[in-house]
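Sequence lines set the chain letters: A, B, ... in the order given, protein chains first and strands last, and positions in each chain run from 1. For clarity, every value in this text was computed on a predicted model and none was experimentally measured.
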Amino acid sequence: MSEKYNPRVIESKWQSFWRDNNTFKSEMKTEKEKYYILEMFPYPSGKIHMGHVRNYTLGDVIARYKRAKGFNVMHPMGWDAFGLPAENAAIENNISPGKWTYENIDTMRSQLQSMGLSIDWDREVATCDREYYHQQQKLFLKFYKEDLIYKKESLVNWDPVENTVLANEQVIDGKGWRSGADVEQKKLSQWFFKITSHANSLLESLENMPGWPEKVKTMQKNWIGRSVGCEIHFEIESGYKEYKPEMLEIFTTRPDTIFGATFIAISPFHPIVDDILENDPDIVEEIIGLRSQKLNEETISKNEKIGISTALKIKHPFIDGKKLPLFIANFILMDYGTGAIYGCPAHDQRDFDFAKKYDLEIIEVIKPDDTSATIDNGAYTGEGSLINSSFLNGLKISEAKKKIISELEKIKIGKKTINYRLRDWGISRQRYWGCPIPILYREDGKIIPVPEKHLPIELPTEVDLSQSGNPLENHPYWKYTTCPHTGMKAIRETDTLDTFVDSAWYFLRFCSPKNNNPFDENEINYWMPVDQYVGGIEHAILHLLYSRFFTKALKIKKIDEPFESLFTQGMVCHATYKNKDNAWVFPNDVEEKGGKFYQTSNGLEVTMGAIESMSKSKKNVIDPEEIIKSYGSDSARWFMLSDSPPDRDINWSDSGIQGSWRFCQKIWSTITSNLSILSDENITIYNQNTSKNAVMLLQSTHQSLDAVTKSIENFQMNVGVAKIYELINHISKFRVFVENDKSALKASLRILIRIIEPMVPHLAEECWSLCGNSKSLSSEPWPDVDEKYLVRETVKIVIQVNGKRRAEVEIKVEASEEEVMKEVESIKSVNEQIQDSVIVKKIFVPNKILNIVISKNE
RNA sequence: GGGGAUAUGGCGGAAUUGGUAGACGCGCCAGACUCAAAAUCUGGUGCCUUCGGGCGUUCCGGUUCGACUCCGGAUAUCCCUACCA
């Protein structure tokens with residue numbers, strides 16, 4: 001008997017083999033069909049977690065499978081390496097962000113390598129690499145030149161104690177995470193990408209992306225939020241002595257309700273508010289209150305609408321003498337539409353709430369189709385026809401919209417407009433660990449893009465992060481420079497780029513990771529688009545939308561969309577445990593005894609809580625490194641693919657990983673106990689005269705092969721796993737009776753080894769090599785299904801009486817109804833049912849069922 | 001408030017898309033091997049049953065010879081989104 005299955009030995013053996021032989025290196029081969037498989041690259045936070053294991057295992061199965069199917073596969077890996085945690089680590093551990101990041105990358109790279117992923121490591125990039133952000137700065141200049149980047153004032157979360165801008169995740173319940181101070185909204189001048197200029201294209205392309213999940217497309221559609229409406233110019237009549245504005249522009253999607261308008265509301269940030277303040281000092285305090293109030297969950301859930309009345313009145317354009325009061329209201333957003341609306345309380349719930357609170361007029365202008373509907377308890381927003389609306393009376397809503405818009409356009413006080421919920425992408429971050437923005441502010445006030453030949457603008461290595469404020473701005477000399485054109489004094493932009501910029505084009509960089517330009521167009525045209533992108537649903541909107549925007553904005557010849565197919569995998573979950581003090585307990589410190597749970601380290605009882613996605617804060621984490629050490633990465637990979645469909649959450653369990661281990665053992669013992677057959681060159685696998693026994697084995701083998709192939713293609717790895725179990729169960733029950741049976745067994749085992757390789761590659765390679773093959777299994781093609789083994793000679797036909805299953809008959813394929821009926825006549829139980837009855841009709845589906853419909857004849 | 005998804009044994013889940021519900025795995029039960037245990041192997045395992053059968057895919061109703069699958073309604077759970085005029 002051979003040696004025991006020892007994953008530690010064979011896994012490192014094959015990892016070295018693949019590395020030494022450049023097995024997974026990818027190169028452009030125009031004569032070969034390419035396949036670009038990509039998983040979302042990780043943030044180098046320290047160590048890999050189970051979510052990574054699942055994500056990269058899924059991608060690797062596809063990569064290995066496609067390679068076997070003859071594709072020229074590119075499967076790269078990199079690091080989303082800029083970002084806030086590095087700065088935090090720097091402060092806490094007194095280590096530079098760069099050093100911390102690169103150390104983490106080294107750790108995680110070797111962890112990923114220990115998983116046996118078929119990655120082309122020659123293409124590795126980290127977004128914090130000087131060379132990567134050098135190229136990114138070039139892209140910035142390109143977009144700047146093309147007018148896709150602009151600067152404007154925008155609000156940030158400001159911690160007044162630390163004098164620092166806070167990221168959203170650093171704001172907890174409206175307070176700064178370190179200082180605990182109330183976070184303020186502060187205006188800063190910041191850079192923006194004009195993503196809205198591509199809003200329509202981003203929306204319309206979604207219609208033509210069958211490889212994306214509907215769910216993600218819906219989320220993006222809602223996020224872009226196109227709405228058709230119109231702008232209307234209202235005349236203002238001022239009640240202030242000094243201040244006489246003339247016009248106010250509002251946006252509405254319901255111009256049909258114009259005759260129901262009873263007030264106007266504008267955002268506290270609307271430009272005319274400043275003028276109002278100058279003339280109406282009494283309301284200054286209130287306005288400041290509204291402005292500092294962040295539109296956060298708290299105010300929304302309270303749904304408290306606050307309006308401040310002003311002395312401005314608006315003339316109704318169609319009702320002579322009617323004046324609408326103007327309010328400054330907290331629920332109007334400055335950056336949507338025009339920052340001003342008219343309120344029609346009868347047909348908009350928000351306006352209704354507002355009108356009730358401030359006792360404003362409510363005029364019904366839509367007569368509901370549903371006659372039972374009233375506006376006693378809320379606005380009516382359904383279908384109906386117009387009333388109280390002069391020339392619109394009697395029209396349906398959609399007709400009224402058309403008519404009022406053409407009327408507005410005729411008298412030149414309004415026009416049809418399309419609005420998007422999508423905002424331009426703010427890319428400035430007041431951080432150190434990010435890509436420097438290649439811009440200079442010259443002493444004469446001019447903004448100068450740094451010429452390409454002066455790039456890269458490098459991050460300084462010495463930086464004091466413990467100080468409050470923007471680290472680059474605080475740096476003693478980094479920002480001081482001169483204008484390359486004039487020699488005038490200049491100051492560098494001290495903001496860095498949002499890390500979403502880094503990840504918006506890394507998939508392009510992978511095509512030519514060492515090129516002196518951001519990318520090589522030939523390589524891009526060959527490799528792009530990514531054929532299969534795999535990642536978490538949490539990136540459904542921002543990352544994917546930004547990547548799509550970049551791809552469109554770069555206008556590379558054939559490439560309009562970056563990701564042909566997208567797959568979003570589920571999370572890895574685990575039970576949670578709490579002790580008596582309500583503190584979380586790590587699962588590897590918990591043991592079960594008689595249905596109760598105890599903490600191993602101290603013997604105290606703990607309670608099991610909900611099964612939730614693994615997170616450090618709840619301590620319900622299992623370290624992949626420990627699992628790989630004790631079970632091997634093949635077992636870990638197998639577990640990740642078993643049981644749960646890849647798009648659903650998977651629950652980690654001890655018994656599950658042990659089951660996977662047992663599977664690997666079983667493969668090992670099955671192969672090693674049949675080595676004499678597998679390595680005997682005299683046993684050919686093309687034997688013709690096979691026994692019935694052998695034919696049945698080959699039938700089940702090819703059925704399994706067919707099913708496994710289809711399940712990988714359809715991202716149903718859990719089904720593929722089940723089919724492989726079926727196959728190995730068949731094989732291990734197979735007994736060799738005649739010499740020829742060995743041939744069938746050999747064929748079957750070879751197929752088994754081949755089709756488990758995408759899932760458990762080390763084990764498969766070792767088995768393959770034990771069979772005496774000198775070439776690596778990774779260069780062996782995927783086996784073809786032999787159709788003749790899928791064709792059955794006989795088939796089971798279910799016999800139903802009145803739709804209920806009563807019996808089944810085994811009969812030759814394509815048997816006729818009469819032939820089946822003849823068989824049925826000899827079945828006692830069916831005859832008993834049919835006796836004393838009239839056969840009304842018979843439904844016969846060839847090779848499937850015969851349903852006899854009877855009615856009782858008393 | 002708006003949008004979306006899901007619901008199948010003790011558990012994770014299959015089901016050729018309207019044609020044998022519960023593949024496969026986990027767990028559990030029994031047996032073999034063993035002084036014993038672990039490991040391994042073999043068999044069983046939806047529920048009820050008077051052993052004839054009956055009931056079963058969250059619940060109620062519909063279409064159909066036939067429904068996990070299609071239609072209408074309800075319930076539950078989860079996710080996303082958040083005053084977008």
Side-chain angles (χ1 to χ4, degrees), chain A residues 213-219 221-223 225-227 229 250-255 257 265 267 295-297 299-305 329-333 335-344 347-351 353-354 378 419-423 537-538 540-541 570-571 611 638-639 642-645 647-651 653-660 662-663 665-666 669 706-707 710-711 716 718-729 732-733 796-808 829 832 840-845 847-854:
Chain A
E214 285 305 318
K215 185 187 168 82
V216 175
K217 286 192 278 189
T218 307
M219 284 164 76
K221 232 173 265 176
N222 293 340
W223 189 259
R226 179 185 145 110
S227 54
I250 67 92
F251 174 75
T252 181
T253 55
R254 290 295 303 272
T257 63
S267 161
L295 290 177
N296 58 19
E297 297 77 23
T299 46
I300 291 158
S301 63
K302 276 188 199 153
N303 207 19
E304 196 192 336
K305 296 190 171 25
N330 64 337
F331 65 100
I332 308 300
L333 306 170
D335 49 6
Y336 184 77
T338 59
I341 60 138
Y342 71 70
C344 174
H347 306 293
D348 182 290
Q349 190 56 42
R350 291 158 306 183
D351 297 349
D353 297 341
F354 191 78
N419 242 296
Y420 295 95
R421 192 184 163 278
L422 180 71
R423 306 291 143 80
I537 186 82
E538 65 274 18
I541 299 176
M571 294 179 295
I611 295 172
W638 186 256
F639 176 84
S642 309
D643 291 355
S644 287
D647 56 342
R648 261 194 251 177
D649 289 353
I650 190 169
N651 291 330
S653 73
D654 281 349
S655 49
I657 185 69
Q658 277 158 24
S660 300
R662 271 204 295 276
F663 166 78
Q665 287 279 13
K666 189 163 182 176
S669 62
D706 189 42
K710 283 180 179 143
S711 62
Q716 284 189 291
N718 57 319
V719 181
V721 162
K723 298 297 174 187
I724 289 172
Y725 273 116
E726 256 173 3
L727 177 56
I728 184 126
N729 288 344
S732 55
K733 287 197 180 82
K796 278 177 189 163
I797 291 187
V798 170
I799 309 303
Q800 297 180 333
V801 176
N802 281 352
K804 281 196 195 295
R805 179 182 181 276
R806 292 295 168 193
E808 62 181 36
S829 62
E832 279 169 4
V840 180
K841 61 174 163 177
K842 285 178 275 194
I843 314 282
F844 180 65
V845 183
N847 300 327
K848 286 202 171 133
I849 63 149
L850 175 68
N851 186 9
I852 303 164
V853 185
I854 58 170

Using the [atom1] atom as the reference point in each nucleotide, state the distance between [N] and [M] in Å, no decimals.
| N | M | atom1 | answer |
| --- | --- | --- | --- |
| rA21(B) | rU16(B) | P | 14 Å |
| rG56(B) | rA67(B) | P | 11 Å |
| rC28(B) | rC79(B) | P | 31 Å |
| rG44(B) | rU49(B) | P | 22 Å |
| rC41(B) | rC48(B) | C1' | 33 Å |
| rA23(B) | rA15(B) | P | 13 Å |
| rG66(B) | rC51(B) | P | 31 Å |
| rC29(B) | rC35(B) | P | 24 Å |

* After noting the C-alpha distance and the side-chain angles of Y342(A) and T257(A), does the key distance pass the side-chain hydrogen bond (donor to acceptor under 3.5 Å, both in side chains) rule? -> CA-CA 10 Å; Y342(A) 71 70; T257(A) 63; 3.3 Å; yes
For [N], which nucleotide in any strand shown is its Watson-Crick or wobble partner with both distances under 3.5 Å?
| N | result |
| --- | --- |
| rG52(B) | none |
| rC11(B) | rG25(B) |
| rG19(B) | rC65(B) |
| rC41(B) | rG31(B) |

Selection from [options] that lies nearest to any side-chain heavy atom of [X]:
| X | options | answer |
| --- | --- | --- |
| I541(A) | rU20(B), rG66(B), rU81(B) | rU81(B) |
| R805(A) | rC65(B), rA21(B), rA14(B) | rA21(B) |
| F331(A) | rG66(B), rC83(B), rA15(B) | rC83(B) |
| I332(A) | rA85(B), rG19(B), rA14(B) | rA85(B) |
| K215(A) | rG13(B), rG4(B), rG19(B) | rG4(B) |
| V719(A) | rU81(B), rG3(B), rA15(B) | rA15(B) |
| I849(A) | rG13(B), rU81(B), rG19(B) | rG19(B) |
| K841(A) | rC65(B), rA85(B), rU20(B) | rC65(B) |
| K733(A) | rG43(B), rA21(B), rC65(B) | rG43(B) |

* Summarise protein proximity over nucleotides 24-29 of chain B in one line of letters, 5' to 3': B for base, S for sugar-phosphate only, - for none, counting protein heavy atoms closer than 4.0 Å. => SSSS--
* Glycosidic conformation of rU17(B), syn or anti, with 90° from 0 as the boundary? ->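 You should classify rU17(B) as syn.
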* Chi-based syn or anti call at rG9(B), which uses purine or pyrimidine torsion atoms and a 90° bound ->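 Syn conformation here, the glycosidic angle of rG9(B) being no more than 90° from 0.
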* Hey, does the Lys NZ or Arg CZ of K305(A) hover above the aromatic six-ring of F331(A), less than 6.0 Å from the centre and inside 45° of the axis? ->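 Yes, cation above the ring, under 6.0 Å and within 45°.
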Using a heavy-atom cut-off of under 4.0 Å over every strand shown, decide if [X] touches base, sugar-phosphate, or nothing.
| X | value |
| --- | --- |
| Q716(A) | sugar-phosphate |
| R423(A) | base |
| N222(A) | sugar-phosphate |
| D348(A) | nothing |

* To do: Confirm from the modelled atom types if K305(A) and rC83(B) form a donor-acceptor pair under 3.5 Å, side chain to base only.
  =>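 Under the 3.5 Å cut-off, the side chain and the base do form a donor-acceptor pair.
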* **Check: rG19(B) base within 3.5 Å donor-acceptor of Q800(A) side chain** =>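 Checked by distance alone, the answer is yes.
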* **First of T218(A) and G225(A) reached from the 5' end of RNA chain B, by closest nucleotide** =>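 Nearest nucleotide further toward 5': that of T218(A).
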* **Nearest-nucleotide comparison on RNA chain B, the residue closer to the 5′ end among N802(A) and Q665(A)** =>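 Between the two, 5'-proximity favours Q665(A).
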* Roughly how many Å is it from CG in L422(A) to C1' in rA82(B), rounded to a whole number? ->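 So the CG-C1' distance, L422(A) to rA82(B), works out to 16 Å.
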* Grab the CD-C1' distance between E214(A) and rG4(B) for me, whole Å please. =>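 Between C1' of rG4(B) and CD of E214(A): 11 Å.
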